[in-house]
Amino acid sequence: MLDLKFIRENPELVKRGIINKNEPDRVDELLELDKQRRSLITQTEELKAKKNSVSKEVGKLKKEGKDTSSIIAEMKIISDKTKEIDTELHQIDEKLNDILYYIPNLPHESVPVGKTEEENVEVRQWLPEGFSFEQNDTEILDHVELGKKLNILDFERGAKISGSGFPLYIGKGATLERALINFMLDTHIRNHGYVEVLPPFLVNRASLIGTGQIPKLEDDIYFIEKDGLYPIPTAEVPITNMYRDEILDEEKLPLNYTGFSSCFRREAGSYGKESKGFLRVHQFNKVEMVKFVKPENSYDELENIVNDAENILKALQIPYRILLLCSGDLSFSAAKCYDIETWSPAENKWLEASSCSNFEDFQGRRTNIRFRNKKTKKLNFVHTLNGSGLATSRLMVSLLENYQTPEGKVIVPKVLQKYTSFEIID
RNA sequence: GGAGAGGUGGGAGAGUGGCUUAAUCCACUGGUUUGCUAAACCAGCGUACCUUUAACGGGUACCGGGGGUUCGAAUCCCCCCCUCUCCGCCA
């Protein structure tokens with residue numbers, strides 16, 4: 001969330017950011033409530049100050065055995081009045097917070113203004129040596145066909161077990177998936193300076209509010225009503241919330257964590273759209289990177305996190321491109337975001353496999369994660385970042401399709417072979 | 001699922017309605033003393049919010065969370081959450 005004081009002092013700036021992000025502008029409504037709130041606070045606090053000092057007096061008088069009944073009667077009135085104001089204040093607070101939690105993070109100044117994904121900017125492209133977008137004569141099988149032919153993916157049985165969008169990996173497919181996860185984790189741990197975590201996959205509501213999925217994306221998240229728990233849509237949620245309500249040691253920043261999790265998304269209302277095979281699923285696997293950093297470093301760290309994800313794709317020799325998202329395509333909590341898309345020859349298009357974002361202090365404020373600034377001795381909110389490093393589902397599409405042979409077999413990328421202990425899927 | 005014990009500042013820990021402005025100890029910060037370090041002594045030490053305080057400031061709230069009783073609540077009452085111990089069940 002944004003700092004209420006900041007909104008109060010920069011209403012036009014905030015409105016512009018909200019509009020550029022295609023979110024509803026409720027700033028005026030918010031500021032009106034803020035005005036009412038502050039007026040009520042002043043009133044109630046004056047009454048409380050009086051009440052406190054008189055009550056102290058009552059204690060003394062009683063000890064001296066003096067009559068206090070008239071003072072107590074007077075205080076009773078003040079006490080009741082205070083309760084009245086507090087009730088009103090409470091209602092206003094609730095309304096105000098409702099709006100405040102719905103106000104998105106503002107786009108960073110380096111983010112291009114735009115309405116839709118069409119206005120995202122391609123920053124760079126990386127292609128393995130000898131790669132060509134031109135298709136040769138042999139027919140390219142898509143990942144669903146390959147999965148079926150090689151008996152490594154079974155979307156029909158996945159649907160039988162759970163419903164559509166719940167992939168079932170079999171045999172070498174399952175092994176390849178596991179190899180991919182292990183390879184990515186090991187790379188981040190050994191080469192990129194991350195500490196591995198294996199977080200809970202069910203979280204409470206406060207965690208989802210903290211990272212910003214709730215309230216806006218609530219419909220996209222599964223909910224286990226019986227226990228009040230939510231299956232995580234991304235490991236970002238549990239990992240970022242590790243330090244909720246904590247004060248971190250400035251010297252230990254930046255803290256870099258990487259973790260595997262399965263991710264669960266309802267994808268409500270998106271049926272029929274690009275839903276073949278892995279393209280849109282309710283459950284997928286992902287290795288996530290999360291950073292807690294000092295504010296002055298967060299934009300450098302954003303570049304780092306993108307590089308860390310890119311290194312995985314370079315090692316796997318999979319063609320990819322980096323997009324800088326325009327303001328309108330940015331997620332609710334993000335100030336700046338790069339998407340990484342990998343190439344699918346069968347679909348003949350780019351597929352989003354990673355998203356790397358700087359949230360600045362938006363999540364830090366919601367989760368109340370701070371550090372003590374040694375220089376100013378003040379508490380400051382940390383900046384948080386995260387990036388997929390990467391999601392295996394879309395990556396698997398590109399991997400299977402790019403590594404298929406003319407006979408419809410799949411060669412295992414070199415860096416994964418020591419994890420799979422086989423070199424080809426046939 | 002059943003029974004019990006707990007949750008107090010950065011940490012330990014006292015506090016059963018008004019001498020509490022949350023004691024005390026540790027940690028931390030500054031100072032005095034001092035070949036150096038240590039010790040000792042002195043002082044300081046929270047967060048959030050409100051407030052045109054010129055400035056030093058003033059005020060309110062906060063003892064797991066939320067309600068309630070009362071002139072006055074860390075303390076009494078109700079609901080919830082979490083942790084621990086034992087029993088049951090269980091991969």
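Chain letters run A, B, ... following the sequence lines, proteins first and then strands; every chain starts at 1.
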Any heavy-atom pair between the side chains of [Y] and [X] that's under 4.5 Å?
X: A/Gln213; Y: A/Thr234; result: yes
X: A/Asp329; Y: A/Glu117; result: yes
X: A/Leu395; Y: A/Leu313; result: yes

key: Pair A/Thr211-A/Glu236, side chain to side chain donor-acceptor pair (under 3.5 Å): steps then yes or no   = CA-CA 8 Å; A/Thr211 33; A/Glu236 162 197 351; 4.8 Å; no
For atom [atom1] of [X] and atom [atom2] of [N], their distance in whole Å:
X: A/Asn380; N: B/rU47; atom1: CG; atom2: P; answer: 12 Å
X: A/Met75; N: B/rG72; atom1: CE; atom2: P; answer: 10 Å
X: A/Glu250; N: B/rG10; atom1: CD; atom2: P; answer: 18 Å
X: A/Ile72; N: B/rG17; atom1: CD1; atom2: C1'; answer: 13 Å
X: A/Asp80; N: B/rG68; atom1: CG; atom2: C1'; answer: 14 Å
X: A/Leu47; N: B/rC50; atom1: CG; atom2: P; answer: 18 Å
X: A/Ile7; N: B/rC49; atom1: CD1; atom2: C1'; answer: 16 Å

For [N], give the paired nucleotide (Watson-Crick: N1-N3 plus N6-O4 or O6-N4; G-U: N1-O2 and O6-N3; both under 3.5 Å), or none.
N: B/rU52; value: none
N: B/rC25; value: B/rG11
N: B/rA5; value: B/rU83
N: B/rG88; value: none
N: B/rU33; value: none

Would you measure the distance from the [atom1] atom in [N] across to the matching atom in [M] and give it in whole Å?
N: B/rG11; M: B/rC63; atom1: P; value: 15 Å
N: B/rG31; M: B/rC45; atom1: C1'; value: 14 Å
N: B/rC71; M: B/rA55; atom1: C1'; value: 37 Å
N: B/rC28; M: B/rG9; atom1: C1'; value: 13 Å
N: B/rA73; M: B/rG68; atom1: P; value: 12 Å
N: B/rC80; M: B/rG72; atom1: P; value: 27 Å
N: B/rU52; M: B/rU47; atom1: C1'; value: 25 Å
N: B/rA61; M: B/rU24; atom1: C1'; value: 26 Å

key: Ionic contact status for A/Asp86 with A/Lys48, cut-off 4.0 Å   = yes
ask   = Below 4.0 angstrom, N of the basic side chain to O of the carboxylate: do A/Asp93 and A/Arg37 qualify?
value = yes
query = So what does A/Leu379 hit on the nucleic acid, given a heavy-atom distance under 4.0 Å: a base, only sugar-phosphate, or nothing?
reply = sugar-phosphate
ask   = When we call it a touch if two heavy atoms are under 4.0 Å apart, what does A/Arg205 touch: a base, just sugar-phosphate, or nothing?
value = nothing
remark   = Under a 4.0 Å heavy-atom criterion, the protein footprint on nucleotides 51-60 of chain B, written with B, S and -, is S-------BB
Phosphate OP1/OP2 of [N] contacted by [X] side-chain N/O (<4.0 Å):
X: A/His90; N: B/rG67; value: yes
X: A/Lys76; N: B/rC71; value: yes
X: A/Arg372; N: B/rG10; value: no

request  = For the residue pair A/Phe264 and A/Tyr222, categorise the inter-ring angle as parallel (less than 30°), tilted (30 to 60°) or perpendicular (more than 60°).
outcome  = perpendicular
message = For A/His192 and A/Tyr194, take the angle between the two ring planes, folded into 0 to 90°, and tell me which bin it lands in: parallel under 30, tilted 30 to 60, perpendicular over 60.
response = perpendicular
Centroid-centroid distance, A/Phe155 to A/Phe278, less than 6.0 Å = yes
key: Selection from B/rC49, B/rC71, B/rU70 that lies nearest to any side-chain heavy atom of A/Lys83   = B/rU70
